[in-house]
Amino acid sequence: MLVVKKFGGSSVADKERIFNVARRCAEEYQIGNDVVVVLSAMGDTTDDLLMKAEDINPYPSKRELDMLLTTGEQISVALMAMALQFLHVPAISLNGFQVQMHTTSRNGNARLKRIDTERIRHELENRRIVIVTGFQGVNKYDDYTTLGRGGSDTTAVALAAALHADKCEIYTDVEGVYTADPRVVPNARKITEITYDEMLELATSGAKVLHNRSVEMAKKYGVELVVRSSLNTEEGTVVKEVVKVEKMLITGVAADKNTARISVIGIVDRPGTAFKIFNTLAKHNINVDIILQSVGRGGTKDISFTVSQEDLREALQVLEDYKEALTIQEITYSENVAKISIVGAGMLSNPGVAATMFESLCNSNININMISTSEIRITVLIDEKDADKALVAVHDGFGLED
Ligand code: ADP
Ligand code: ASP
Ligand code: MG
């Protein structure tokens with residue numbers, strides 16, 4: 001059997017944790033399985049590297065940033081190989097370049113395109129545990145790229161798909177996927193099984209327990225995922241196509257504080273203006289999320305929308321550059337906003353789900369600024385200061401507590 005095991009940053013944060021992971025991988029190896037391990041950077045390494053970069057240059061080039069960030073994962077894999085060797089288990093570490101993880105060229109947010117499996121297979125045939133850097137790849141210019149924050153999950157799923165692994169396990173610092181972030185909602189419940197579609201909506205809505213692209217990829221290639229704790233042997237959460245468990249109305253709630261609102265005010269009210277604004281942003285690779293159009297002063301209109309905080313500066317710059325062509329009179333923005341989402345296939349057949357969500361928010365005196373929906377998700381934009389309170393209120397409003 002071939003098993004891919006991914007361990008996140010907190011699971012390899014120090015010497016003790018590294019040996020804990022090494023022992024778990026050795027056990028898997030010793031029962032005769034082939035083991036591929038994917039690691040993130042130790043503890044807060046990625047954040048620390050980002051701070052170091054900012055200290056030197058507040059607007060570092062994305063190429064150099066990736067050059068820096070990829071070192072974090074390289075430290076983890078080398079130390080893990082040393083730990084396994086110390087335990088007399090044959091192991092070898094490989095980075096994104098050595099494996100040849102081919103990605104698109106976009107630094108900081110690249111997508112995996114193709115993985116060469118030859119080297120890994122060769123090492124497995126020699127009965128070594130293969131330890132691979134998560135989060136990184138190489139582009140067509142032979143430059144390092146990274147897959148976006150939390151991207152090691154995606155590396156693991158991509159490897160599991162490419163190697164036709166029998167199991168893909170994502171080990172983290174909680175026991176699985178919960179009905180809400182258990183650090184914010186202490187009475188959140190562990191979910192036994194969840195569909196790819198629901199997990200994708202939760203991950204995209206801010207439940208960072210899995211990188212959203214990893215779920216997208218798992219669905220595409222039919223890789224069943226298990227999310228579980230690296231610190232105990234409790235059964236985790238299975239992410240798969242069809243689940244057997246009884247459907248709840250709502251599967252989970254999530255909060256996303258990494259969001260910003262932009263409003264363009266006083267634009268001319270004629271066909272094509274919205275198209276021009278969003279087309280201009282799209283051409284600069286800026287993803288726009290919730291959109292709200294309203295009537296402005298003197299026959300004009302206003303449009304508000306959200307972008308991720310990383311894209312805010314560039315979005316404002318682009319709008320400023322094209323201000324006249326887009327007929328914008330004024331641009332305002334706020335970073336003090338957050339999205340709260342409820343996710344669940346149960347809402348397809350149950351009217352009144354939105355009303356229940358809004359009632360919970362209203363009872364907690366939380367104002368809704370914008371609303372957006374998909375088939376199995378409802379998202380509201382609120383003030384960031386209310387985010388944790390809102391998560392608890394909505395979670396309890398649907399009776400999701402343990
Ligand atoms: P890793 O370093 O292992 O990749 P992450 O910090 O990326 O770990 O993701 C795990 C964290 O995700 C948990 O510590 C938890 O606070 C957070 N989280 C957010 N939403 C959820 C959820 N619905 N279920 C479980 N954990 C969640
Ligand atoms: N180390 C990277 C990050 O902190 C990738 C990951 O943890 O998945 O975002
Ligand atoms: Mg993660």
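In each ligand, atom 1 is the first atom listed, and ligand 1 is the first ligand listed. Please read all numbers here as calculations on a predicted model, not as lab measurements.
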So the atoms of ligand 1 within less than 4.0 Å of a heavy atom of Val177 turn out to be 24 (N)
Closest to atom 13 (C) of ligand 1 among protein heavy atoms sits Asp173 OD1, 3.5 Å
Would Gly151 count as a contact residue for ligand 2, given that I'm defining contact as a non-hydrogen atom of the residue lying under 4.0 Å from a ligand atom? yes
So the atoms of ligand 2 within less than 4.0 Å of a heavy atom of Gly150 turn out to be 3 (C), 5 (C), 6 (C), 8 (O), 9 (O)
Taking only non-hydrogen atoms of Arg149 and a 4.0 Å limit, the atoms of ligand 2 in range are 3 (C), 4 (O), 9 (O)
Looking only at side-chain N and O atoms, does Arg213 offer a donor or acceptor that is under 3.5 Å from a partner on Asn109? yes
Of Thr204, Thr154, Thr155, the one forming a side-chain hydrogen bond (donor to acceptor under 3.5 Å, both in side chains) with His211 is Thr154
for atom 27 (C) of ligand 1, nearest protein heavy atom and its distance come out as Val209 CB, 3.7 Å
**OP:** Report yes if Thr172 has an N/O atom closer than 3.5 Å to an N/O atom of ligand 1; otherwise report no.
**Re:** yes
Over 60° means perpendicular and under 30° means parallel, so tell me whether Phe7 and Tyr171 are parallel, tilted or perpendicular. parallel
heavy-atom search around atom 23 (N) of ligand 1 in the protein gives Tyr178 O, 3.0 Å
Atom 16 (O) of ligand 1 sits nearest the protein heavy atom Asp181 OD1, 2.8 Å
The atoms of ligand 2 lying under 4.0 Å from a heavy atom of Glu73, numbered in the order shown, are 1 (N), 2 (C), 5 (C)
Note: Arg128 and Ile92 closest approach over all heavy atoms is CD-CG2, 3.9 Å
In ligand 1, the atoms that come under 4.0 Å of a heavy atom of Gly8 are 1 (P), 2 (O), 3 (O), 4 (O)
heavy-atom search around atom 7 (O) of ligand 1 in the protein gives Lys208 O, 3.5 Å
In this structure, atom 2 (O) of ligand 1 is nearest to the protein heavy atom Gly9 N, 3.2 Å
Discussion item. For ligand 1, which is the ligand I care about here, please tell me if Arg183 has any N or O atom under 3.5 Å from one of the ligand's N or O atoms.
Written reply: yes
Looking only at heavy atoms, the pair that brings Ala393 and Ser360 closest together is O-CB, 3.7 Å
Below 4.0 Å from ligand 1: does a non-hydrogen atom of Pro182 turn up there or not?
yes
_Would Gly148 count as a polar contact of ligand 2, with the cut-off being nitrogen or oxygen pairs under 3.5 Å?_
no
Atom 25 (C) of ligand 1 has as its nearest protein heavy atom Gly176 O, 3.3 Å
message: Check this for me: does any side-chain nitrogen of one of Lys190 and Glu175 sit under 4.0 Å from a carboxylate oxygen of the other?
response: yes
Worksheet item: Is a donor on one side and an acceptor on the other found under 3.5 Å between the side chain of Asp44 and the backbone of Asp47?
Response: no
Could you check whether Arg127 makes a cation-pi contact with Tyr29, meaning its NZ or CZ is under 6.0 Å from the centre of the six-membered ring and within 45° of the ring axis? yes
Shortest non-hydrogen pair, Val353 vs Phe398, comes out as O-CZ, 3.5 Å
**Request:** For the pair Glu401 and Arg189, find out whether any cationic side-chain nitrogen is under 4.0 Å from an anionic carboxylate oxygen.
**Result:** no
inquiry  = Measuring from non-hydrogen atoms of Ser11 to any atom of ligand 1, is the shortest distance under 4.0 Å?
reply    = no
The test is side chain to side chain contact (heavy atoms under 4.5 Å, CB included); show your working for Thr145 and Gln136 and say whether it passes. CA-CA 6 Å; Thr145 53; Gln136 60 179 251; over 6 Å; no
Return a yes/no value for Ser152: is any of its N or O atoms, backbone included, closer than 3.5 angstrom to an N or O of ligand 2?
yes
- Item | N-O pairing of Glu169 and Arg228 below 4.0 Å | yes
Practice prompt. Give yes if a backbone or side-chain nitrogen or oxygen of Thr46 is under 3.5 Å from a nitrogen or oxygen of ligand 2, and no if not.
Written response: yes
Please confirm whether Ser40 comes within less than 3.5 Å of ligand 1 when only nitrogen or oxygen atoms on both sides are compared.
no
Worksheet item: Is the NZ or CZ atom of Arg63 positioned over Tyr141's six-membered ring, under 6.0 angstrom from the centre and within 45° of the axis?
Response: no
Atom 4 (O) of ligand 1 has as its nearest protein heavy atom Lys6 NZ, 3.1 Å
If you scan protein heavy atoms around atom 7 (O) of ligand 2, the nearest is Ser40 OG, 3.3 Å
Exercise. Salt-bridge test for Lys62 and Asp143: reply yes if a basic N is under 4.0 Å from a carboxylate O, no otherwise.
Key: no
